[in-house]
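Atoms considered below: every heavy atom in the structure, side chains included; atoms not considered: hydrogens, waters and symmetry mates. These numbers come from a predicted model, not from an experiment. Labels below follow one simple rule: chain letters A, B, ... track the order of the sequence lines, proteins then strands, and each chain is numbered from 1.
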There are 2 protein chains.
Amino acid sequence: MTNPRPTTQLIASNVHQLAATKLAAVGQRYTANRRAVVEALLILPGPATIAELLNAGQGLAQSSTYRNLVVLEEVGVVHRIVTSDDHGRFELTEAITGQHHHHLICEQCGIIIDVTLDATVEAALERSLAQGAANHRFRGLHHRVDLLGVCRGCDGRAGPPVRQ
Amino acid sequence: MTNPRPTTQLIASNVHQLAATKLAAVGQRYTANRRAVVEALLILPGPATIAELLNAGQGLAQSSTYRNLVVLEEVGVVHRIVTSDDHGRFELTEAITGQHHHHLICEQCGIIIDVTLDATVEAALERSLAQGAANHRFRGLHHRVDLLGVCRGCDGRAGPPVRQ
DNA sequence: TTTACTGCAAAGGGTTTGCAACATG
DNA sequence: CATGTTGCAAACCCTTTGCAGTAAA
C-alpha cells in the first residue's frame with residue numbers, strides 16, 4: 001500500500017478540460033464558480049468540507065457551491081463522502097483523477113487521508129465482493145474501503161468523544 | 001463470500017447479557033427502553049433507521065432513542081452507519097454479535113445488506129491497510145468495506161437520483 | 001431571448017439538548 | 001435521596017430551495 005500521487009501533481013488543465021467536457025455533455029457550463037470549486041479540490045489535500053471550499057475559493061456563495069457540487073457530482077466530476085462528523089466532504093472522482101484510492105478516516109477530527117492498496121489485494125477484494133453481490137442479485141457499482149482510527153495529530157491528545 | 005448468519009438466529013439472551021455488562025461497566029443501566037432498542041436491532045434484518053426502531057419498539061420516544069443509541073454506541077453495543085441518504089442507520093457491533101461483516105448499500109433506497117468476505121481476502125486486506133496506516137502514523141482501529149450499487153428491489157425501476 | 005447560473009434569505013429536516021418529572025439502586 | 005433516565009418541545013446546524021436578477025449561448 002502506497003500513497004497516491006497528490007492531486008496537486010495532477011495536470012490541472014486535463015482535469016478542467018475533462019470537467020468541461022462532462023458538463024457540456026448534458027448542456028451545462030463550466031462556469032468560473034465551478035472551475036473554482038474544482039481548482040480548490042485540486043489544491044486541498046484530501047477530501048474537503050464545504051467550509052474549506054468556501055475559504056479556498058474566493059467569495060463563493062454557499063448555496064451556489066452546494067448546487068454546483070450537486071451538478072458536478074451528477075456528471076461524475078465530484079464525489080461526496082459522508083462520515084459521521086456532521087459535514088459532507090468532497091473529492092474529485094477517480095474518473096477525473098484516474099487514481100483509485102481509499103481512505104484513512106480519523107474518528108476524532110474527521111480528517112480523511114487518501115491511500116491506495118496494492119493491486120493484488122484490490123483484485124481479490126473485487127472478486128469477493130462481486131460474488132457476494134451476485135448472491136443477493138445486487139448490482140454492485142463501486143466499492144469503498146475505509147480504515148477508521150485516529151490520525152497522527154489527534155493521537156495522544158484527549159479528543160472529544162466522536163461517534164462511529 | 002457468504003451471507004452472515006441472520007442476527008435473529010443469535011442467542012438473544014447472550015446479547016442482552018453482554019449489553020447489560022458493558023453498560024454496567026460505566027455505571028449505566030440496561031433499562032427497558034435500551035433493551036427494546038437492542039431487541040429491535042436483533043429482529044430487524046440489517047442496519048435500521050431511527051424510524052424503523054421507533055416502529056419496531058413499542059412507544060419509544062424519539063429523543064430517548066437517540067440518547068440511548070449514543071450511550072449504546074459509547075459502550076460498544078451499537079454501531080452507527082452513515083450513508084448519504086439523509087438518515088443514520090444502526091446495527092449491533094461485532095463485539096456483540098461476533099460476526100465481522102460488510103455491507104451492500106443500495107444507492108437508490110439506502111437499504112443495507114450484510115455480507116461477509118472470505119477469510120483470506122480479509123487477512124490480505126487487513127495487512128495492506130495496516131501498512132498504509134503505518135505510513136501515515138495513523139492508528140487504525142477497524143476497517144469498513146462497502147459495495148455501493150443497486151439492490152434487487154430497485155434495479156430496473158426508475159429511482160430518484162440519489163447522491164453519492 | 002431563451003436557458004443556465006448566481007446569491008440572498010428563508011425553509012427543511014434529521015439530530016441534539018433544556019428541563020422538569022420519573023425511576024432505580 | 002442521589003443519580004441515572006425519560007419525554008416533550010425547542011433549538012441546532014448542515015443542507016436545500018424560492019425567487020428575482022445576471023450572464024452566457
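- Contact annotation: the side chain of B/I105 approaches that of A/R144 to within less than 4.5 Å [non-hydrogen atoms, C-beta and beyond].
- Residue pairs meeting the ring pair (Phe, Tyr, Trp, His ring centres under 6.0 Å) criterion with at least one partner in residues 33-55 of chain B, sequence neighbours excluded, are absent.
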Atom pairs and distances, donor-acceptor, side-chain atoms in residues 32-42 of chain B, under 3.5 Å, two or more places apart:
unit_1 : atom_1 : unit_2 : atom_2 : d
B/R34  : NE     : B/N68  : OD1    : 2.7
B/R34  : NH1    : B/R29  : O      : 2.8
B/R34  : NH2    : B/N68  : OD1    : 3.4
B/E39  : OE1    : B/H16  : NE2    : 2.5

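- Aromatic ring centres of A/H143 and A/H102 lie closer together than 6.0 Å.
- Sequence order on DNA chain C of the closest nucleotides to A/G27 and B/R89 puts A/G27 first from the 5' end.
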Nucleotide N/O of nucleotides 22-25 of chain C paired with protein N/O under 3.5 Å:
unit_1 : atom_1 : unit_2 : atom_2 : d
C/dT24 : O2     : B/R29  : NH2    : 3.4

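- Summarising the geometry, the separation between CG on A/L60 and P on C/dG7 is reported as 7 Å, rounded to the nearest angstrom.
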With 3.5 Å as the limit, what N/O pairs link the protein to nucleotides 17-20 of chain D?
unit_1 : atom_1 : unit_2 : atom_2 : d
D/dG18 : O6     : A/R67  : NH2    : 2.9

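- Across the protein-nucleic acid pair, A/L54 atom CG and C/dC8 atom P stand 11 Å apart, rounded to whole Å.
- Among pairs with a residue in residues 34-76 of chain B, none fulfils ring pair (Phe, Tyr, Trp, His ring centres under 6.0 Å), at least two apart in sequence or across chains.
- In this entry the distance linking NE2 of A/H87 with C1' of D/dT16 reads 18 Å, nearest Å.
- Comparing C/dT15, D/dT5, C/dC5 against the side chain of B/R34 picks out D/dT5 as the nearest.
- Rounded to 10°, the angle separating the first-five-pair axis and the last-five-pair axis of the helix from C/dT1-D/dA25 to C/dG25-D/dC1 equals 30°.
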